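Numbering of ligands and ligand atoms starts at 1, following listing order. All figures in this text were calculated on a predicted structure; none of them were measured in a lab.
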Amino acid sequence: MKKHIALVPGDGIGPDIVAEAVKVLDSVGRKFGHTFTYETFLAGGCSIDAIGKPLAEETLAGCKASDSVLLGAVGGPKWDHMASELRPEKALLGLRSGMGLFCNLRPAILYGQLSGACPLKNEIIGEGLDIMVVRELTGGIYFGERGRDKDKAYDTMSYTVSEIERIVRKGYEIAQKRNKKMTSVDKANILNSSQLWREIVERLSPEYPDVVVNHLYVDNAAMQLVRNPRQFDVIVTENMFGDILSDEASQITGSIGMLPSASLRSDNFGMYEPIHGSAPDIAGQDIANPIATILSVAMMLRYSFAMEVEAKAIEEAVSKVLDAGYRTADIFTESMKKVGTKEMGDLVAQAL
Ligand code: NAD
């Protein structure tokens with residue numbers, strides 16, 4: 001297969017980690033007979049420096065014209081003083097909304113080899129953890145009507161039937177490919193939008209008879225994630241609840257440098273990126289962990305290109321390298337072998 005990928009390295013460690021993910025993609029190409037071509041675009045602080053705004057039309061157009069997008073991270077102290085419409089983060093929102101990416105996938109995987117990094121007790125996490133949070137990305141309170149007067153401020157959580165249907169369907173489809181269990185999280189005891197959400201989850205359930213679905217209120221879900229996280233397979237939820245729960249779930253794994261994410265639309269076109277930020281404190285020093293970005297590429301192969309075997313091969317290669325005791329500084333523990341960003345990329349590419 002031939003695929004053209006837009007690379008948006010961004011700021012800070014972005015260029016360091018994207019380079020390693022490309023190394024791994026090239027290795028997949030050689031092993032499985034695919035051709036990946038690349039085009040690099042500016043976004044975030046580096047774009048502000050170059051053209052005075054965080055997202056150029058050319059970047060959005062180039063990403064839209066590609067088969068898939070790989071993003072590093074944007075932002076840093078250099079641009080923190082900018083007015084809000086000029087901040088680097090605007091590039092992310094512009095890319096997501098400009099490409100119609102409404103479905104955010106945030107896996108929280110605790111690798112057995114890194115179980116020491118988990119802040120929960122061993123008896124709670126057992127053999128490890130593998131949760132997929134499916135978060136609605138373009139609706140809800142972050143995009144609803146808002147306002148502020150002298151002594152009042154408000155934000156509105158609103159959803160249409162079609163907005164809920166398309167994300168709930170994604171949740172069911174992903175559950176079908178995993179352990180066939182989906183937990184829908186809402187606040188249906190209080191919120192109208194949640195009552196509609198729950199009705200739609202129930203209405204669509206007969207179309208996915210192999211998926212067992214249950215409902216949790218968001219406050220209970222937040223509690224259950226630390227009390228008994230192994231009860232979860234797929235969690236599907238609206239934008240703000242998903243924002244909070246996916247961060248909570250990722251913290252359970254204890255290693256921010258290990259977690260990938262995907263933002264998709266219905267045709268499976270997507271943008272893939274690590275969940276961490278641009279880590280300006282370690283940029284350009286060959287110490288950032290590239291695994292989150294490498295695993296983002298595995299998600300790209302699985303969800304956008306339907307290359308399941310290739311995706312699994314990357315995940316197994318990462319596991320092999322961890323088994324062999326190689327660690328970047330952020331996940332390093334005594335008696336392990338410390339490696340830099342480039343060497344970690346080389347090791348995963350070789351393990352393939
Ligand atoms: P951060 O994720 O960049 O860093 C938090 C801590 O984790 C730092 O100590 C950093 O060194 C470490 N870290 C992060 N990724 C790592 C990796 N791959 N390997 C090793 N260590 C890693 O979060 P922050 O410090 O809050 O934000 C820094 C900048 O990134 C800010 O400008 C913020 O706005 C931006 N940010 C961007 C995104 C994004 O582009 N999606 C997400 C979050 C934050």
Side-chain angles (χ1 to χ4, degrees), residues 7-21 24 41-49 54-55 59 63 69-97 99 101 104-106 109 111 114 117 119 135 137 142 242-244 246-247 250-251 253-263 270-297 299 318 321-322 326-333 336 338-345 347-348:
L7 302 176
V8 187
D11 308 312
I13 59 170
D16 309 356
I17 53 181
V18 166
E20 300 315 305
V24 171
F41 297 96
L42 293 179
C46 57
S47 175
I48 296 173
D49 288 350
L55 182 62
T59 295
C63 289
V69 182
L70 179 65
L71 184 123
V74 298
K78 186 177 174 191
W79 305 281
D80 277 349
H81 64 282
M82 313 281 303
S84 75
E85 65 288 356
L86 272 181
R87 287 181 63 102
E89 297 80 2
K90 280 281 167 191
L92 288 181
L93 297 178
L95 283 167
R96 287 175 186 156
S97 61
M99 294 188 283
L101 308 175
N104 188 220
L105 301 185
R106 285 267 304 257
I109 299 170
Y111 286 83
L114 302 179
R135 166 190 167 196
L137 204 55
Y142 295 166
D243 190 6
I244 297 167
S246 60
D247 264 18
S250 67
Q251 283 307 306
T253 72
S255 10
I256 194 171
M258 299 287 298
L259 296 176
S261 77
S263 303
M271 180 164 83
Y272 297 82
E273 58 185 303
I275 68 155
H276 58 73
S278 60
D281 50 330
I282 57 168
Q285 297 170 39
D286 194 35
I287 49 178
N289 187 347
I291 293 179
T293 318
I294 290 170
L295 293 173
S296 298
V297 156
M299 288 187 84
V318 167
V321 171
L322 294 175
Y326 295 103
R327 303 281 189 273
T328 43
D330 56 310
I331 51 173
F332 179 74
T333 49
M336 295 291 148
K338 197 186 263 186
V339 294
T341 312
K342 291 186 182 130
E343 193 176 353
M344 183 55 95
L347 286 163
V348 176

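Under a 4.0 Å heavy-atom criterion, A292 is not in contact with ligand 1.
Protein heavy atoms all stay at least 4.0 Å away from atom 5 (C) of ligand 1. Per-atom contact check: atom 35 (C) of ligand 1 touches the protein, criterion being a heavy-atom distance below 4.0 Å. Protein heavy atoms are absent from the 4.0 Å sphere centred on atom 24 (P) of ligand 1.
Ranked by closest heavy atom to atom 40 (O) of ligand 1, the top entry among I256, I287, V74 is V74. For atom 33 (C) of ligand 1, the choice among H276, E89, M344 with the nearest heavy atom turns out to be E89. Of the candidates G277, G44, P274, G75, G277 brings a heavy atom nearest to atom 2 (O) of ligand 1. Between L92, I282, D281, it is I282 that holds the heavy atom closest to atom 22 (C) of ligand 1.
One finds the CE atom of M299 at 10.5 Å from the CD atom of E273 (value rounded to the nearest 0.5 Å). Note that CG of L259 is 9.0 Å distant from OG of S296, once rounded to the nearest 0.5 Å.
By the 4.5 Å heavy-atom criterion applied to side chains, R135 and L105 are not counted as neighbours.
Nearest protein heavy-atom neighbour of atom 28 (C) of ligand 1: P280 CD, 3.6 Å. Counting protein heavy atoms only, atom 19 (N) of ligand 1 is closest to N289 N, 2.9 Å. With hydrogens left out, the protein atom closest to atom 29 (C) of ligand 1 is S278 OG, 3.2 Å, a heavy atom.
Heavy-atom minimum distance, G10 versus C46: O-SG, 3.7 Å. Shown here for H276 and G257, the closest heavy-atom pair between the two residues is CD2-CA, 4.0 Å.
Within the listing of ligand 1, atoms 32 (O) sit less than 4.0 angstrom from a heavy atom of G76. Under a 4.0 Å criterion applied to the non-hydrogen atoms of A288, ligand 1 contributes the atoms 19 (N). Of all atoms in ligand 1, numbered sequentially from 1 with element shown, those under 4.0 Å from a heavy atom of E273 are 41 (N). When each atom of ligand 1 is checked for a heavy atom of A73 under 4.0 Å away, the hits are 40 (O).
In this structure, S261 contributes its side chain and R106 its backbone to no donor-acceptor pair below 3.5 Å. Looking at R327, its side chain never comes within 3.5 Å of a backbone N or O of V339 through a donor-acceptor pair. Within the 3.5 Å criterion, the main-chain N or O of A73 finds no donor-acceptor partner in the side chain of S278. Remark: the backbone N or O of G242 is paired with a side-chain donor or acceptor of S246 at under 3.5 angstrom.
At least one N/O-N/O distance between A279 and ligand 1 falls below 3.5 Å. Distances between N or O atoms of I17 and those of ligand 1 include no value under 3.5 Å. Residue contacts with ligand 1: D80 is placed with no nitrogen or oxygen under 3.5 Å of a nitrogen or oxygen of the ligand (distance criterion only).
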Q: For side-chain contact (heavy atoms from CB on, under 4.5 Å), just list the numbers for T328 and I291, CA-CA rounded to whole Å, side-chain angles, deciding distance to a tenth of an Å, and then say yes or no.
A: CA-CA 9 Å; T328 43; I291 293 179; 5.7 Å; no

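Salt-bridge formation is not detected for the pair K342/D16: no Lys NZ or Arg NE/NH1/NH2 atom is positioned less than 4.0 Å from an Asp or Glu carboxylate oxygen.
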